[in-house]
Amino acid sequence: MKARTTATIPLDIIESVIEVIATDEDTRSLEAVSQTCHTLLPLCRKHIFSTIRLSHKSDHSRHFNDLLSTNPDIARYVKHLEYGLNNPSDDHQQGLDVLQKHSDLRSVHLWSQERADWSAFPASIRSSLLSLIQLPTITHLRIRSFMNFPATALLNCHNLIDLQMELLEITSAEVKHISIRDKIPTPISLNAEGDSCSALEALLQTAGPEPGPIVDFSLLQSASFDVEIRGDILIVQEVIKTTTQLQSLFIFSECITTYIMIWKA
């Protein structure tokens, strides 16, 4: 009787198969593959945990928080975080702290469902989330549906490339000291939707001993705005005036004709 031979599939081919499964967002198949052998576990985990969506109303969120608490090494696979604040709660405090210490996040999306008051959430949660968006690895940031979001929170987002704001009210605050102003954020892409132009105004100018912008828009290459009232048009104008490399501009507004007349003046 001939001995049975087992063909060995090269690891690079297996990795390519895993990439295809990940492209199809087939998480269940990725989880099944990850359990076949220890070697494939990290290859699958980098896709399974690449994007994490957390919400106070989700059982999945609580399970992930528990998982991070017992296995913090998983945090290093998380590249994109979507975090929904629905209730003033600190249920995810430990998980957020683990992400801050061990992850290399690339993007963060903070949102609430009903334009919640940022200041109403526990100070510990606010502090953890602000620390996450200020990680040096963060290049993409989206903030949606908040009131009283602090302008100074963006001051230390030094490597920000893409900034998206929607239904956002930013609270202006006096900046007591900006030690190195050339390190403020200089995004190349900006999207301001749903009554967020007033938030731009708060980012353009701050009070204090060193007045100046919280965010430097001079390097913008792409910009998109929702314009609802005449005051919004003037704010958009001020942003555009600071740009030196703008290549793409989109403005959505019922008063777009008014805008063109002002811009040509």
Side-chain angles (χ1 to χ4, degrees), residues 49-160 163-177 185 193-196 198-199 202-203 206 208 214-215:
F49 298 110
S50 175
T51 298
I52 297 299
R53 298 174 178 87
L54 301 179
S55 170
H56 287 291
K57 294 183 178 180
S58 169
D59 289 336
H60 168 74
S61 299
R62 286 189 288 271
H63 293 329
F64 182 72
N65 187 65
D66 294 339
L67 183 61
L68 278 183
S69 300
T70 57
N71 193 350
D73 183 63
I74 288 176
R76 67 188 179 94
Y77 298 105
V78 182
K79 304 303 178 185
H80 313 284
L81 174 66
E82 297 183 15
Y83 193 89
L85 288 90
N86 299 310
N87 301 302
S89 169
D90 56 1
D91 293 345
H92 297 154
Q93 182 64 59
Q94 190 172 0
L96 292 175
D97 290 342
V98 172
L99 285 174
Q100 180 187 342
K101 293 177 182 177
H102 300 284
S103 72
D104 292 320
L105 280 172
R106 299 290 186 268
S107 71
V108 173
H109 175 193
L110 300 180
W111 59 272
S112 75
Q113 291 183 334
E114 300 178 355
R115 208 167 192 179
D117 186 346
W118 174 264
S119 61
F121 295 100
S124 58
I125 288 291
R126 286 183 281 132
S127 177
S128 294
L129 289 173
L130 295 185
S131 295
L132 283 176
I133 70 173
Q134 293 170 357
L135 287 173
T137 54
I138 294 295
T139 57
H140 294 69
L141 176 61
R142 183 182 182 190
I143 310 173
R144 176 166 59 92
S145 196
F146 288 106
M147 298 185 298
N148 295 320
F149 193 86
T152 51
L154 301 181
L155 193 60
N156 294 317
C157 300
H158 303 311
N159 297 314
L160 198 61
L163 175 60
Q164 299 183 43
M165 304 183 296
E166 183 179 352
L167 295 171
L168 183 65
E169 176 190 299
I170 287 184
T171 302
S172 298
E174 179 175 318
V175 180
K176 296 180 179 179
H177 181 63
E193 297 182 18
D195 193 24
S196 290
S198 61
L203 298 179
T206 58
I214 292 285
V215 177

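Reckoned from all heavy atoms, side chains included, excluding hydrogens, waters and symmetry mates. Every value quoted in this text rests on a predicted model; they were computed, and no experiment measured them.
Residues Val78 and Asp104 are not in side-chain contact: their nearest non-hydrogen atoms beyond the backbone lie 4.5 Å or more apart. Using a 4.5 Å cut-off on side-chain heavy atoms (C-beta onward), Tyr83 and Leu99 make no contact. Counting only heavy atoms from C-beta outward, the side chains of Ile138 and Leu132 never approach each other to under 4.5 Å. At a threshold of 4.5 Å between non-hydrogen side-chain atoms, the residues His80 and Ser50 count as touching. Annotation: side chain of Pro72 is in contact with side chain of Val98 (closest heavy-atom distance under 4.5 Å). Within the 4.5 Å cutoff, no side-chain heavy atoms of His140 are placed close to those of Val108. Leu54 has its side chain within reach of Ile52: a pair of non-hydrogen atoms, C-beta onward, lies under 4.5 Å apart. Counting heavy atoms from C-beta outward, His102 and Asp97 have side chains that stay 4.5 Å or more apart.
A donor-acceptor distance shorter than 3.5 angstrom exists from the side chain of Ser128 to the backbone of Ser124, with no hydrogens or angles considered. A donor-acceptor contact shorter than 3.5 Å is absent between the side chain of Ser107 and the backbone of Leu141. At distances below 3.5 Å, not a single donor-acceptor pair connects side-chain atoms of Arg106 with backbone N or O atoms of Thr139. Asn148 places no side-chain N or O within donor-acceptor distance of the main-chain N or O of Asp117, the cut-off being under 3.5 Å. A donor-acceptor pair is defined here as one N or O able to donate and one able to accept, closer than 3.5 Å; such a pair exists between the side chain of Thr137 and the backbone of Leu105. Checked by atom type and distance alone, the side chain of Arg144 never pairs as donor or acceptor with a backbone atom of Arg142 at under 3.5 Å. Of the possible donor and acceptor atoms, one in the side chain of Ser196 sits under 3.5 Å from a partner among the backbone N and O of Leu168.
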Given Gln134 and Leu160, is the side chain to side chain contact (heavy atoms under 4.5 Å, CB included) satisfied, shown in steps? CA-CA 9 Å; Gln134 293 170 357; Leu160 198 61; over 6 Å; no

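In this structure, CZ in Arg126 is found 7.5 Å from CH2 in Trp118, a value given to the nearest 0.5 Å. Taking OG of Ser112 as the start and CG of Leu167 as the end, the distance is 8.5 Å to the nearest 0.5 Å. Taken from OG1 in Thr51 to NE2 in His109, the straight-line distance is 12.5 Å, to the nearest 0.5 Å.
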